[in-house]
Amino acid sequence: MQTNIPNILFRCIFILLPIVCLNAQEIGNNQEIDIEAQERDSLVTVGDSLPLAETIKLTDSIVGDSLQTPQQGNQLISDAVKYQATDYMRISQKENRMYLYNEAQIIYGDMQINAGLIIMDNEKNEVYAYGIPDSTGAYSQKPVFVQGNQTVEPDSIRFNFDTERALVYNSRTQQANFNVRGEVTKRENDSVYFMQNVRFTTDEDLDNPDYYFYARKIKFVPDKKIVAGFVNMYLADVPTPLGLPFGYFPLTEEETSGFIIPSFGDSRRGYFLQNGGYYFAISDYVDLLTLGDYYTNGSYAVRLESNYAKRYNYRGNVRIRYENLFQSERGFPDFAEQSVYNIQWSHNQDAKANPNSRFSASVNLGSSTYYQNSVNQMNTGNFLTNTLSSSVSYSKTFPGEPQVNLSLAARHQQNTRTQTINMSLPTLQASMTRIYPFAPKTGAKKGLIENINFQYNIRAENQIRTTDSLFFKPEMFQDANYGAQHSIPVTTNFKLFNYLSVSANANYEENWVFRTFEQSYDEFNNEVVIDTINGFDSYRTYNFGASVGTTLYGLKSFGKDKKIQAIRHVMRPSISYNVNPAFDQYYDTYERIDPANPIETNMVDYSRFDGSLYGAPGNRFSSSLGLSLSNTLEAKVRSKDSTATEPEKITLLNNFSMSTAYNLAGEDGQPKLSPIALRGSIPIVRDKLDINVAGNMDIYALDNNNRRTDKLNINNGGSLFRFTNANVSFGYAFSSKDFEDEGEDESEDEIDNDTYRGGGRRDDLFGKGSDLEGKFYDEEEDPFDDEERGERNDNWYNYKIPWDLRLSYTMTYNNTARQNEITSHSIMFSGDVELSPKWVVGASSGYDLKELGFTYTQLRFQRDLNTWRLSFNWVPFSERRSWYFFIGIKSSILSDIKYDKRNEPDRRL
């Protein structure tokens, strides 16, 4: 069983002491003053006879001898002392004191004291501050001591102007994330402070905290060191045996290098020391964190993390993780060994740093099985993701006319299931903005000629296809495929008959490759022989196209007194024509034996560019006519708001399109009309739920080999159209806020978390990633944050139960070869319910309607324990079956004070 609390005391408790002691000089004890017993000489009531605020200088004599000044030889104060009070200010000539009563204030340099009663002793050059009893007898208007940016609220204060020493009793102050209460603090000078009986905690209730750390004696030297006596931890005022007899800590305002104490526990790989290492504070711009794990069966892990930043220029981080994992023990039959690694790099440049130049990086690469087998992360979303991707790019713009854009990028795509890796190292792209050679020097461009424009683009790349086992090895570069592609697109557009939009285009491409493949037939072995030819080669292609489109509107009115006042139908038909010539000059032939008839031979066409970077040009002439029609159906309905003057506009059918193409150059006996593609969405709940539909219909029938023929399906005994495939999907998110009164904030920001950056989903349908600190939610959306959930009168009971739910549904139908089956059919959901302001439960799961079984399921339980957090994550079934229990302090500065226990999933190497 793992417990992390003992080693925390080496790591956290005394790190807090510098913060606790930072202004420990401001503390006090409630000392009662009998005002009635004091001699009331020269009593002055605040009013007409004395201004509210006065300024005195203790080195000068005061008119009327109401306050005598000590001799100049002993006086060290030259700053002015400002003071004021609400009820009265009384000067006692006998005691040589001034009394300020009710809302009293005194200011000396950067020091300010507010209290119910302030006494200034002119003979000792001291000031005393106390609270006063209110009408009920309660001690009120306790002193508030402010010096610089530090504030302390004690019971009483004694401060000497000459020595600048202070005694402060029962102070309450806040340092960083801690609330601090000290019984007595003595300030010797600016360099030395002594504290006695100090307690500090992150609990807001300092009088009755859930926990606190108690230090008996502390000596504090600012910016140098802290020396502390015995310190231990209290839970609900009950002392625990967790503590240290003494501590010595160097202090600095800058980041400091130091050791990180590991946590310990047990797992399937034996007992372990985890997350121990060293932190290097290299400079103000970059740091380095080194961490390691060790398990008693021999497994180990090493992690390097570095953050760097330069204000107004860039920021980023690098993570390198390596794990050498053993299954079972050496010598056992089930022993196995595997090494996994993961490299992540993120770099972002400030947009203002250089508007014409930008560098960015987003890298996530490594072993395909890293997220399945890693022992130091439990990110379910990354585990269920099948791809890893990376991109590192640099772009630069050269202003001018025309403007030139240049980019250089390296990309990586990795399939964790097949363990195939596709890389582009690198890709160089350059483009020139459009040039209008016939455009007028002034005024808008009109007509066919003036709108003629062209561009120049170049793309050069080096593509590598490899596998996990060859990654980062010399073999991965042996089959690199590289080349360059130049293109010059020429386009123009104009209006025809004022209603038709016409566009025409032509495109010229030139492809450079440095590796081609010659083919021949080996009659002896009855096989095709492919010879690789290294060297420069090229081919050129071109094509033409044109399109005509318009927009048609149809409107049907039913009257303003009707619920549905009008329906509008918007249609956008378009016709396109494309021509692709045949480039037979790049093809050769060889003679081979016909497999069906060994006596005869066939002539086989091939291109030496087959298998090259950009493939071979087409050797068949094509001429096709494209047809498409887009539809949008809208309605005007009477508003439910009786005060509204305009009807509401709703969408009934959004961008429902149909498209197909007819091959004018098709051979006889071959189908000429391509399947009709259908796409669109049906709005169900405005801005909430759209049902997306997609499908393909074919008018041709299939032969006995399930190949398309030129025979119509209706003439083959079937229907007019034959559905080849279809898909229906939707996603819907709603919560209790949707059923509350209008005007409340219903927006929900998308969180850019590590799961999403690793390829997961924002909607948590794969479950929420849980780190090793027991958090199942992102730092930006703490469910127990009062500001997030709104203030409540009762912290233990919800008269309303907040909840949220996210759904995703998909169904796919396939009938391309007479399968007539639903290939996938599932619904997924993720949601949370706040049973009380202290309890949140959540779940992520789904149901496969085809296989009749639940998909990956995660159950989450979270409990707010004021300053502590309790959570439990449970995956009840599947190969990732596991659970994780956590309880720890919520404050980030004490995040290492925790207890956790987990049952890891069975990772088979």
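Residue Arg315 qualifies as open at atom CZ: its count of foreign heavy atoms under 6.0 Å is 12 or below. Other residues, nucleotides and ligands contribute over 12 non-hydrogen atoms within 6.0 Å of the OH atom of Tyr508. Heavy-atom neighbours of Glu475 CD from other residues, nucleotides or ligands within 6.0 Å: above the threshold of 12.
Of the residues listed (Leu673, Asn713, Asn716), the one engaging Tyr700 in a side-chain contact (heavy atoms from CB on, under 4.5 Å) is Leu673, and it is the only one.
Judged by a 6.0 Å distance limit and a 45° cone about the ring axis, Lys396 is not positioned over the six-membered ring of Tyr394.
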I'd like to know whether Tyr606 forms a ring pair (Phe, Tyr, Trp, His ring centres under 6.0 Å) with Tyr590, so could you lay out the CA-CA distance, the side-chain angles of the two residues, the decisive distance to 0.1 Å, and finally the verdict. CA-CA 8 Å; Tyr606 80 94; Tyr590 65 85; 5.7 Å; yes

Please evaluate residues Leu627 and Ile575 with respect to the criterion side-chain contact (heavy atoms from CB on, under 4.5 Å), reporting the C-alpha separation (whole Å), side-chain torsions for both, the decisive distance (0.1 Å), and the verdict. CA-CA 5 Å; Leu627 305 171; Ile575 301 175; 3.9 Å; yes

Could you check Ser547 against Ser574 for side chain to side chain donor-acceptor pair (under 3.5 Å), going step by step and ending with a plain yes or no? CA-CA 7 Å; Ser547 65; Ser574 67; over 6 Å; no

Evaluate the side chain to side chain donor-acceptor pair (under 3.5 Å) criterion for residues Glu821 and Gln819: first the C-alpha distance (whole Å), next the side-chain angles of each, then the deciding distance (0.1 Å), finally the verdict. CA-CA 5 Å; Glu821 66 174 354; Gln819 300 97 325; 5.7 Å; no

Dump the intermediate steps for side chain to side chain donor-acceptor pair (under 3.5 Å) on Thr823 and Thr812, then the final yes or no. CA-CA 6 Å; Thr823 56; Thr812 302; 4.7 Å; no

Between Tyr341 and Tyr322, is the ring pair (Phe, Tyr, Trp, His ring centres under 6.0 Å) condition met? List the steps. CA-CA 4 Å; Tyr341 66 93; Tyr322 174 83; 7.5 Å; no

Between Phe723 and Tyr813, is the side-chain contact (heavy atoms from CB on, under 4.5 Å) condition met? List the steps. CA-CA 9 Å; Phe723 264 104; Tyr813 169 79; 4.2 Å; yes

In sequence, state the C-alpha distance, the side-chain angles, and the governing distance for Tyr587 and Phe609, and then conclude on ring pair (Phe, Tyr, Trp, His ring centres under 6.0 Å). CA-CA 9 Å; Tyr587 280 77; Phe609 297 103; 8.9 Å; no

Arg818 vs Asn706, side chain to side chain donor-acceptor pair (under 3.5 Å): CA-CA, chis, key distance, verdict: CA-CA 7 Å; Arg818 293 194 179 97; Asn706 291 324; 2.6 Å; yes

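Side chains of Glu591 and Thr601: a donor-acceptor N/O pair is present below 3.5 angstrom, by distance only. Between the side chains of Thr369 and Ser367, not a single donor N or O lies within less than 3.5 Å of an accepting N or O.
For the residue pair Met476 and Ile464, the shortest heavy atom distance occurs at O-CG2, 3.1 Å.
The residues Glu323 and Arg321 are annotated as not salt-bridged, no charged nitrogen and carboxylate oxygen being separated by less than 4.0 angstrom. Under 4.0 Å is where a charged nitrogen must lie from a carboxylate oxygen, and between Arg608 and Glu518 no such pair does.
Pairs engaging residues 515-535 under the ring-ring contact (aromatic ring centres under 6.0 Å, His included) rule: none recorded [sequence neighbours left out].
Between the side chain of Arg515 and the main chain of Asn481, no donor-acceptor pair closer than 3.5 Å is present. Looking only at distances, a side-chain donor or acceptor of Asn727 sits under 3.5 Å from a matching main-chain atom of Met811. Under a 3.5 Å cut-off, the side chain of Asn453 and the backbone N or O of Asn451 do form a donor-acceptor pair.
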Could you list the donor-acceptor pairs under 3.5 angstrom formed by side chains in residues 418-426, with sequence neighbours left out?
{"residue": "Thr418", "atom": "OG1", "partner": "Thr420", "partner atom": "OG1", "Å": "3.0"}
{"residue": "Asn422", "atom": "OD1", "partner": "Arg465", "partner atom": "NH1", "Å": "3.0"}
{"residue": "Ser424", "atom": "OG", "partner": "Thr427", "partner atom": "OG1", "Å": "2.2"}

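Taking CG of Asn580 as the start and OG1 of Thr541 as the end, the distance is 8.5 Å to the nearest 0.5 Å. With rounding to the nearest 0.5 Å, the separation of OG in Ser395 from CG in Leu408 is 10.0 Å.
Between Asn457 and Pro489 there is a side-chain heavy-atom pair separated by less than 4.5 Å.
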